[in-house]
Amino acid sequence: RHTVTETREPPLWGGTSHGMASGSGGKVLQHLPFSSQIDVALWSNLASHKLHSMRLSSEPVPLWGCYSPAPRLARNRDPSAAAPTPVARFCVERTAFEEVFAAPEASSVPAPGTVTVVNTLEEFKNTDKKAFLDSAGSRILADIDSGAAVTDPSLLSRFALLVFSDLKAFTHTYWLAFPALCLPSAPTLAADPSPLASCISHQQVEQLRAGYSALVGGGCVGYFVVRLKGSVVDVVSLEVYDNEGDKGGECWFGFLDPSGMEGNPGWPLRNLVCLLQRRWSMTKASILCYRDTASDHQATRSVVLQISIAATPPPPPSPTVVGWEANARGKMGPRKVDLTPFLDPTRRAVESADLNLNLMKWRFLPELDTERLASMHCVLLGSGTLGCNVARCLLSWGCRKVSFLDYGKVSFSNPTRQWLFEFEDCTDPDNPTEGRPKAATAASRLSRIVPNVLSKGVHVPIPMPGHPVGEASEARVKSEVEELEALIDSADVVFLLTDSRESRWLPTLMCVAKAKPCINVALGFDTFLVMRHPVHEGGGGQGGGGCVGCYFCNDVVAPTDSSKNRTLDQQCTTTRPGLSAMASALSVELLVSMMHHPLGPRAPADLAGQVGDDTGSMLGLVPHQVRGFLANFSNVLIHGKPFEGCTACSSKVVDAYMRGGWEFLMRVFNEPGYLEEVSGLKALTEAADAAMADWDDEEEEDGDDF
């Protein structure tokens with residue numbers, strides 16, 4: 001376990017202020033202050049609470065601390081060595097934010113506290129430290145006066161932590177306070193401290209230990225009362241003592257003492273003395289500084305003090321509050337912890353990558369579902385210019401499951417436009433005449449950008465209409481179809497980012513049949529199209545695709561082989577360089593807006609002019625299509641209606657695919673007119689031709705009359 005500890009020679013505090021004070025009746029009682037020991041993991045937990053729960057709030061949040069008796073010194077310690085620095089440890093564990101706190105050791109006393117996290121370093125500096133401490137002290141005083149501290153003595157050990165957390169730099173500036181109430185006149189020692197073993201017999205010491213163990217029930221309590229009746233020693237709680245009508249007889253007021261100094265008790269005694277004076281108007285008291293533990297079978301180290309408490313006229317004045325912890329230099333000031341040496345670089349990268357999204361939830365989008373985005377499996381069909389840009393934008397939105405499918409290899413013209421590739425990717429060590437596979441290379445590059453990304457690349461072509469499948473290649477193509485189908489089955493969303501129209505047909509059909517959200521992005525020279533495809537309850541086509549159409553709903557012919565007889569500029573995706581980044585960003589933004597709509601991918605198509613309550617997504621509009629025109633820097637939102645004769649999303653085609661499966665696809669690949677026949681386009685074309693012929697006949701007849 002890593003802890004952040006700053007050890008120093010602690011000052012002994014007594015009197016009514018931070019320094020030494022004189023008393024009128026004897027030696028002033030001096031206390032060993034706490035020295036904090038904070039688990040490094042606590043700061044990581046605090047950062048998480050700040051990001052996800054506290055956000056911009058500066059309200060105090062409860063947390064727990066604990067302290068224990070000082071450990072025994074080793075018996076074989078070198079007598080010539082310098083004496084160890086006395087330290088009273090106060091620990092804040094990684095579990096401090098748990099509602100039910102489990103102390104790390106049986107001998108640890110839980111102490112309730114609060115942490116106040118401010119939002120800027122300036123706010124930390126400008127916080128009124130006296131008012132902050134007085135506020136914490138006033139709560140202790142109220143608990144004493146109300147009797148709550150008698151019922152729950154741990155309230156006497158309250159602490160307060162003031163923090164500024166720089167979540168980008170992984171540093172925390174903090175100041176810890178242990179509020180202590182100071183009486184107008186300092187308590188004094190009426191006699192020298194006496195070892196417990198000199199005050200009672202060994203048998204009585206064992207009775208005391210057994211009584212304390214019975215009182216705490218296997219745990220530990222910070223304050224208690226020891227009643228001495230002859231040779232009998234009885235240990236009771238403060239509440240039992242408070243409820244007794246007769247408070248006569250010899251009593252010791254005990255507290256578990258974190259100090260190991262013989263004549264100087266620990267810090268928790270200060271508020272107990274205040275309780276004795278204000279609750280029971282005591283002017284003299286016997287104090288047991290209990291320093292034993294349940295597992296301690298050696299001679300007792302506990303000490304008994306006889307103290308005098310000056311009486312105060314009623315009503316008792318409000319005590320002065322002290323208790324800020326000194327820093328490593330022994331001065332009153334904050335401390336700073338830098339976690340970067342303790343954090344794994346991978347963890348730092350992961351937390352930093354998600355920081356922007358978490359900050360968005362603070363002020364702008366408190367309902368942003370970052371967990372859903374992180375768990376979504378995004379399948380990118382195409383690893384080229386669009387695929388690289390879409391992948392990077394998905395990472396920015398916190399998507400951590402990305403798969404690529406592409407059959408291409410990296411060429412020397414790619415790295416300038418396809419940002420996941422580098423010069424070294426243009427040559428495959430296993431095949432120097434070709435580049436590395438795009439899909440696998442893009443997937444590995446994502447993991448180098450954000451280490452916790454789950455990414456894979458699939459080097460498989462997409463079978464296409466108009467590309468015949470011979471008998472020799474049938475088994476291979478069928479395997480490719482099955483691999484594509486399995487990838488889409490595993491997807492939560494599919495991006496169509498390929499560089500030909502016909503390569504988008506089969507994924508479109510599969511997504512409609514399986515009710516998978518699909519985002520299509522297509523580029524021209526200075527224009528782009530971003531659109532979402534229809535998603536129906538239970539899958540399948542319904543009356544032409546529901547409320548929105550797909551990429552093929554405007555076609556009156558089936559997709560064919562578009563790669564034939566193309567010049568070099570037609571073989572490449574020739575576009576203005578900035579167009580891909582613009583279209584890719586809009587496609588991811590469309591996905592995120594769609595996923596935050598109550599209807600998700602079945603959201604109706606929004607059009608320009610709809611704002612605020614007219615849209616169902618907290619992020620604004622959820623359009624069907626965005627068409628961009630870079631020549632005049634404009635975008636147009638379009639609602640494309642479904643076409644009942646669509647070759648990809650119509651009920652006829654989807655039903656034929658779901659019934660026929662591979663046999664249906666083989667006919668589509670090998671028979672040029674089959675898809676048009678199934679979709680009804682052939683009949684529609686024939687009807688249109690017949691109507692056109694009738695029109696021509698009518699024109700000829702009109703001409704004869706003329």
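- Taking the charged nitrogens against the carboxylate oxygens, Arg372 and Asp492 have no contact shorter than 4.0 Å, which rules out a salt bridge.
- Residues Met666 and Lys478 fail the side-chain proximity criterion, which asks for heavy atoms closer than 4.5 Å.
- The backbone N or O of Leu619 sits less than 3.5 Å from a side-chain atom of Ser617, completing a donor-acceptor pair.
- Of the possible polar contacts, one joining the Asn670 side chain to the Val469 backbone as a donor-acceptor pair under 3.5 Å is found.
- Between Cys550 and Pro534 there is a side-chain heavy-atom pair separated by less than 4.5 Å.
- Checking side-chain atoms of Ser352 against main-chain N and O of Ala349 turns up no donor-acceptor pair under 3.5 Å.
- For Arg576 and Phe528, the positive end is not near the middle of the six-membered ring at less than 6.0 Å and at most 45° from its axis.
- Here the SG atom belonging to Cys399 is positioned 11.0 Å from the CG atom belonging to Leu446, to the nearest 0.5 angstrom.
- Remark: of the listed residues Leu496, Val521, Leu529, Leu529 is the sole one forming a side-chain contact (heavy atoms from CB on, under 4.5 Å) with Tyr551.
- Scanning all heavy atoms of the two residues, the minimum distance from Ile488 to Lys516 falls at O-CE, 3.3 Å.
- Nearest approach of His459 to Pro437, heavy atoms of both residues: ND1-CB, 3.8 Å.
- In this structure a side-chain-to-backbone donor-acceptor pair under 3.5 Å is present from Asp606 to Val622.
- Summarising the geometry, atom CH2 belonging to Trp397 is positioned 3.5 Å from atom CE belonging to Met360; distances are rounded to the nearest 0.5 Å.
- Between the CG atom in Leu381 and the CZ atom in Phe495 there is a gap of 10.5 Å [rounded to 0.5 Å].
- At a threshold of 4.5 Å between non-hydrogen side-chain atoms, the residues Leu339 and Thr171 do not count as touching.
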Please report the C-alpha distance between Val379 and Leu405 in whole Å, then the side-chain angles of each, then the deciding distance to 0.1 Å, and finally whether the side chain to side chain contact (heavy atoms under 4.5 Å, CB included) criterion is met.
CA-CA 8 Å; Val379 171; Leu405 184 143; 5.5 Å; no
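- Of all the heavy atoms in Ser650 and Phe643, the pair that sits closest is CB-O, 4.1 Å.
- For the pair Glu480 and Arg476, the salt-bridge criterion is met [side-chain N within less than 4.0 Å of a carboxylate O].
- Judged by distance alone, with hydrogens and angles left aside, the side-chain atoms of His624 form a donor-acceptor pair with the main-chain N or O of Gly549 at under 3.5 Å.
- Arg392 CZ: 12 or fewer foreign heavy atoms inside a 6.0 Å radius.
- Across Cys646 and Val653, no two heavy atoms sit closer than the pair O-CG2, 3.6 Å.
- Between Phe97 and His49, the distance separating the two ring centers is shorter than 6.0 angstrom.
- Contact annotation: the side chain of Thr370 never approaches that of Asp354 to less than 4.5 Å [non-hydrogen atoms, C-beta and beyond].
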Stepwise side chain to side chain contact (heavy atoms under 4.5 Å, CB included) test for Met531 and Ile519
CA-CA 6 Å; Met531 68 183 299; Ile519 307 291; over 6 Å; no
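- Looking only at distances, a side-chain donor or acceptor of His639 sits under 3.5 Å from a matching main-chain atom of Cys547.
- For the pair Arg400/Ser375, no side-chain contact is recorded, criterion being any heavy-atom separation below 4.5 Å from C-beta on.
- Here the side chains of Val556 and Thr685 are not in contact, with every heavy-atom distance at 4.5 Å or above.
- Ring geometry, Phe664 versus Trp505: the interplanar angle falls from 30° to 60°, so the pair is classed tilted.
- Salt-bridge formation is not detected for the pair Arg436/Asp428: no Lys NZ or Arg NE/NH1/NH2 atom is positioned less than 4.0 Å from an Asp or Glu carboxylate oxygen.
- With no hydrogens or angles considered, no side-chain donor-acceptor pair links Ser447 and Ser444 at under 3.5 Å.
- Between Leu359 and Leu51 there is a side-chain heavy-atom pair separated by less than 4.5 Å.
- Taking a cutoff of 4.0 Å between a charged side-chain nitrogen and a carboxylate oxygen, Glu485 and Lys514 qualify as a salt bridge.
- Of the N and O atoms on the side chains of Thr385 and Ser580, not one donor lies less than 3.5 Å from an acceptor on the other residue.
- Using a 4.5 Å heavy-atom threshold, the side chains of Pro415 and Cys426 count as touching.
- Distance check: Ser411 OG to Lys438 NZ gives 6.0 Å after rounding to the nearest 0.5 Å.
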Assess the residue pair Val668 and Glu671 against the criterion (side chain to side chain contact (heavy atoms under 4.5 Å, CB included)); give the C-alpha distance rounded to whole Å, side-chain angles, the decisive distance to 0.1 Å, and a yes or no.
CA-CA 6 Å; Val668 171; Glu671 299 178 26; over 6 Å; no
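- Of the inter-residue distances, the one linking His172 atom NE2 with Leu42 atom CG reads 9.0 Å to the nearest 0.5 angstrom.
- Formation of a donor-acceptor pair under 3.5 Å by the His596 side chain with backbone atoms of Val592 is found in this model.
- The backbone N or O of Leu590 sits nowhere less than 3.5 Å from a side-chain atom of Ser593 that would complete a donor-acceptor pair.
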Test Ser165 against Leu46 for side chain to side chain contact (heavy atoms under 4.5 Å, CB included), laying out the working first.
CA-CA 8 Å; Ser165 296; Leu46 177 62; 3.9 Å; yes
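- Around the CH2 atom of Trp362, the shell of radius 6.0 Å holds more than 12 heavy atoms that belong to other residues, nucleotides or ligands.
- Contact record, Leu681 with Val557: CD1-N, 3.9 Å, taken as the closest heavy-atom pair.
- Between Val402 and Leu380, the shortest heavy-atom contact is CG1-CD1, 4.0 Å.
- Checking Val115, Asn119, Asn45, Val61 one by one against Lys50, the side-chain contact (heavy atoms from CB on, under 4.5 Å) holds for a single residue, Asn119.
- Remark: the Arg504 side chain and the Asn520 side chain contain an N/O donor-acceptor pair separated by less than 3.5 Å.
- Interatomic distance, Lys409 NZ to Thr441 OG1, rounded to the nearest 0.5 Å: 10.0 Å.
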